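Owing to the predicted nature of the structure, the values given are computational and were not obtained by experimental measurement. Ligands are counted one by one from 1 in listed order, and the atoms in each one are counted from 1 as well.
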Amino acid sequence: MSKAEGDVKKRIEKLREQINYHNYRYYILDDPEISDAEYDRLFDELIELEKKYPQFLIPDSPSQRVGAPPLTEFKTVPHSVPMLSLNKALTQDEFLDFHRRVKELSGAEVGEIKYTTELKFDGLAVELVYRDGKLVQGSTRGDGFVGEDITLNLKTIKTIPLKLLKRKLKVPPLLEVRGEVIIFKSEFEKLNQKREKKGEPLFANPRNAAAGSVRQLDSRITASRPLYMYAYGIGRVEGVNLTYHWESVQYLKELGLNVNPHLKLCENTSEIFEFYQNILEKRDRLDYEIDGIVVKVNDFKLQEKVGELSRSPRWAVAWKFPAQQKTTTIEDIKVNVGRTGAVTPVAILRPVKVGGVTINRATLHNEDEMRKKDVRIGDTVLVQRAGDVIPEVVKVIVTKRTGKEKTYQMPERCPVCGSKVERPQGEAVHRCTGIACPAQIKENMYHFVSKPAMNVDGLGFKLLEQMLDKGLIKDLADLYFLKKEDIMKMERMGDRLAENILKAIEKSKNPDLPHLIYALGIRNVGEHLANVLAKEFNSVDNIKNQTKEKLTAVHEIGPIVAECIYNFFHEEKNLKVLDKLKKGGVKFPEMKVKKKKTPLSGKTFVLTGVLETLNRDEAKKIIQNLGGRVVVVGEDPGSKLDKAKRLGIKTIDEKEFKRLIGK
Ligand code: IVH
């Protein structure tokens with residue numbers, strides 16, 4: 001390296017250090033030392049130098065918060081210490097139950113148990129991994145054991161340090177930080193206003209906006225969203241001994257992480273009550289959503305004594321706030337057609353702020369609920385929102401009635417596609433019967449191309465969404481008429497990718513019968529019933545020609561499912577799609593089955609936990625091929641295993657399973 005180059009490198013490093021420091025002052029301490037203009041000058045100089053000398057560009061440069069080219073999927077990452085969830089207390093009594101249990105299990109004297117109290121943020125839990133002070137990985141909580149790798153996205157969030165501060169401390173060789181990514185209420189409203197102007201779908205609440213922003217394959221989109229993170233705990237840490245939760249949170253603060261100021265070390269329960277009350281009163285004035293407080297045993301040794309259940313610790317509790325309620329009037333009632341075709345009545349409200357977020361619609365759930373509460377257009381009603389639940393109408397204020405209120409009738413035809421709306425026997429929901437309904441089509445499409453269905457590799461939700469939005473496909477069958485030039489119209493599409501997608505579509509034209517039946521997305525027909533139907537009727541055409549009675553006669557098919565199957569094949573629009581699929585080249589196979597006794601016939605399996613040499617889909621296929629049934633497949637070995645043992649059901653491990661199937 002020449003002297004001149006060495007100087008440039010030094011200058012770049014200096015700039016990065018300065019920018020990181022000023023970021024910290026600005027975003028975390030909320031106490032900037034320099035003006036925005038001065039900051040911009042430093043930043044611009046860094047960008048300029050990195051552009052001119054790309055050999056000095058590093059991934060943790062503060063210039064890299066702008067996002068990177070999109071990924072095709074998220075990798076998964078295991079959490080070395082599981083990210084547990086919290087048990088809830090809804091009342092003071094329930095909180096005291098928690099405290100009593102802690103006393104019993106810890107064996108400690110009352111005075112010895114201290115708790116920290118903090119806010120329960122309503123956002124998305126994440127984990128950040130720092131090695132030697134550098135942010136090397138960021139992930140979602142996922143199911144607590146395995147999350148998704150969202151490093152690129154998290155790097156765009158200004159309150160997440162790319163490098164830990166090491167002013168007073170040595171940085172630890174390894175630190176796993178846990179916290180919550182949120183979006184401010186005020187920013188959420190602005191974001192939704194922008195989306196409304198652009199005709200984009202609105203986010204239901206700040207939590208969804210934060211979660212949706214963080215789980216973008218294109219981190220440049222994440223970078224454009226006003227996200228924020230609060231750190232509230234540590235997973236693994238090396239090189240430092242921490243004894244108390246309080247201490248570990250202070251430690252995080254000193255390393256430059258963003259810790260919320262509403263944090264208290266409480267000596268007794270009355271201090272906890274006071275904290276709860278105080279935050280409850282402040283709640284509406286906070287610019288972020290919280291749904292309660294979290295109370296944690298402060299001493300790690302006591303935490304250990306109190307212990308953990310499989311999914312949640314017994315040393316912490318989320319003491320929830322009551323749902324927030326307001327009154328307003330119902331200006332209209334409409335129906336919303338969900339992605340599964342559910343036609344739900346929705347009250348259009350005079351906009352009202354509930355807990356700092358404006359709401360203008362509330363769900364009425366279904367016809368029966370609407371009748372039970374006797375909700376009418378023009379009524380004054382009490383509405384509430386709780387956490388991430390959709391706002392709902394709690395009750396009508398009957399005394400406010402003027403006599404001009406009107407009842408609402410559920411529509412006979414879908415307002416989106418015009419197909420018949422039906423209320424299947426025994427169900428509370430109304431459903432649109434049209435397979436070509438645009439409101440349903442996204443979800444149907446996604447189901448159609450998924451692995452256990454037509455298995456079109458590489459066609460993810462985002463791409464499908466784009467194709468639908470651009471009008472390239474309108475129904476399932478259109479997929480088989482796509483040309484390369486159509487696919488090339490997608491954002492950031494390349495030649496290779498387009499060709500691969502076409503190849504995958506081509507490959508999917510030869511499904512076996514159960515996969516094809518499952519792919520059609522007939523209500524209540526999952527993988528298992530698709531198999532049953534295939535074996536019983538041997539072709540799609542044959543299923544189509546059955547009466548409801550004949551369908552019901554099949555073992556495992558009851559009247560509700562029979563009705564769904566029958567209706568599906570009697571909706572004109574669906575028949576057209578089936579025809580079009582054939583014209584598009586999809587083979588509708590016939591299946592010849594010999595009904596012979598197979599080694600696992602008559603046996604039912606629940607698959608759970610991690611398998612070592614097989615994956616669950618493989619295990620499932622083997623079982624089904626050998627005539628067995630698979631009813632539940634789940635991640636959580638703990639609860640299901642316990643239950644099976646309690647019920648005296650035989651459990652076998654992978655080795656024994658292999659023996660059973662003759663491997
Ligand atoms: S501690 C065992 N602290 O709540 C400790 N969690 O139900 C579990 N959450 O997924 C996490 N604010 O997303 C903790 N101050 C806080 C929290 C918090 C919000 C969320 C977190 C987690 C869920 C647990």
Side-chain angles (χ1 to χ4, degrees), residues 79-90 94-95 98 101-102 105 115-128 138-148 150 154 157 159-160 176-183 205-211 214-215 227-237 242 244-246 248-250 252-253 257-266 272 275-276 279 283 286 288-300 302-321 386-389 635-636:
H79 300 297
S80 49
V81 180
M83 290 180 79
L84 300 176
S85 59
L86 290 165
N87 278 326
K88 281 186 247 179
L90 297 175
E94 286 183 14
F95 168 74
F98 156 80
R101 240 182 348 263
V102 168
L105 293 163
Y115 293 98
T116 57
T117 48
E118 53 199 83
L119 304 185
K120 170 113 172 46
F121 305 103
D122 200 7
L124 184 81
V126 296
E127 176 169 83
L128 309 170
S139 56
T140 60
R141 170 170 180 262
D143 63 2
F145 300 96
V146 181
E148 282 175 321
I150 49 164
L154 293 180
I157 301 177
T159 31
I160 295 181
E176 293 174 352
V177 181
R178 272 120 191 238
E180 197 95 345
V181 171
I182 57 158
I183 211 163
N205 51 49
R207 202 200 84 86
N208 286 9
V214 163
R215 295 193 64 263
L227 297 168
Y228 205 81
M229 137 129 187
Y230 283 120
Y232 55 59
I234 293 180
R236 265 188 315 171
V237 59
L242 298 164
Y244 303 103
H245 179 62
W246 179 262
S248 59
V249 176
Q250 303 309 320
L252 289 177
K253 246 201 254 182
L257 283 136
N258 194 34
V259 173
N260 188 278
H262 297 289
L263 183 77
K264 195 175 161 195
L265 183 57
C266 295
I272 298 175
F275 183 85
Y276 177 91
I279 299 296
R283 180 188 194 184
L286 294 176
Y288 41 86
E289 293 240 75
I290 54 170
D291 53 0
I293 64 166
V294 183
V295 185
K296 298 174 183 166
V297 170
N298 185 42
D299 187 331
F300 288 148
L302 281 190
Q303 284 189 1
E304 220 170 280
K305 270 201 191 153
V306 178
E308 275 157 14
L309 299 170
S310 71
R311 295 242 137 203
S312 51
R314 283 193 285 216
W315 46 260
V317 73
W319 185 0
K320 297 272 205 146
F321 290 148
D388 60 344
V389 187
E635 302 279 349
D636 170 18

- prompt: How many angstroms lie between atom CG of Leu86 and atom OG of Ser312, to the nearest 0.5 angstrom?
  reply: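 Going from CG on Leu86 over to OG on Ser312, the span is 7.5 Å.
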query: At what distance, to the nearest 0.5 angstrom, does CG of Leu227 lie from OG1 of Thr159?
result: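 One gets 8.0 Å once the value is rounded to the nearest 0.5 Å.
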- prompt: Under a 4.0 Å heavy-atom cut-off, which residues neighbour ligand 1?
  reply: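 Those residues closer than 4.0 Å to ligand 1 by some heavy atom are Leu84, Ser85, Leu86, Glu118, Leu119, Lys120, Phe121, Ala125, Arg141, Glu180, Tyr232, Val294, Lys296, Pro313, Trp315.
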message: Applying the ring pair (Phe, Tyr, Trp, His ring centres under 6.0 Å) criterion to Tyr276, which one of Tyr115, Phe321, Phe95 satisfies it?
response: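 The single option meeting the ring pair (Phe, Tyr, Trp, His ring centres under 6.0 Å) with Tyr276 is Phe321.
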field: Donor + acceptor pair across side chains of Arg236, Ser80 (<3.5 Å)
entry: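 The criterion, which ignores hydrogens and geometry beyond distance, is satisfied for Ser80 and Arg236.
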- prompt: So, Tyr288 versus Asn260: side-chain donor-acceptor pair below 3.5 Å or not?
  reply: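 Looking only at side-chain atoms, Asn260 and Tyr288 do form a donor-acceptor pair, the distance falling under 3.5 Å.
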query: Between Lys296 and Glu118, is the closest basic N to carboxylate O distance under 4.0 Å?
result: yes
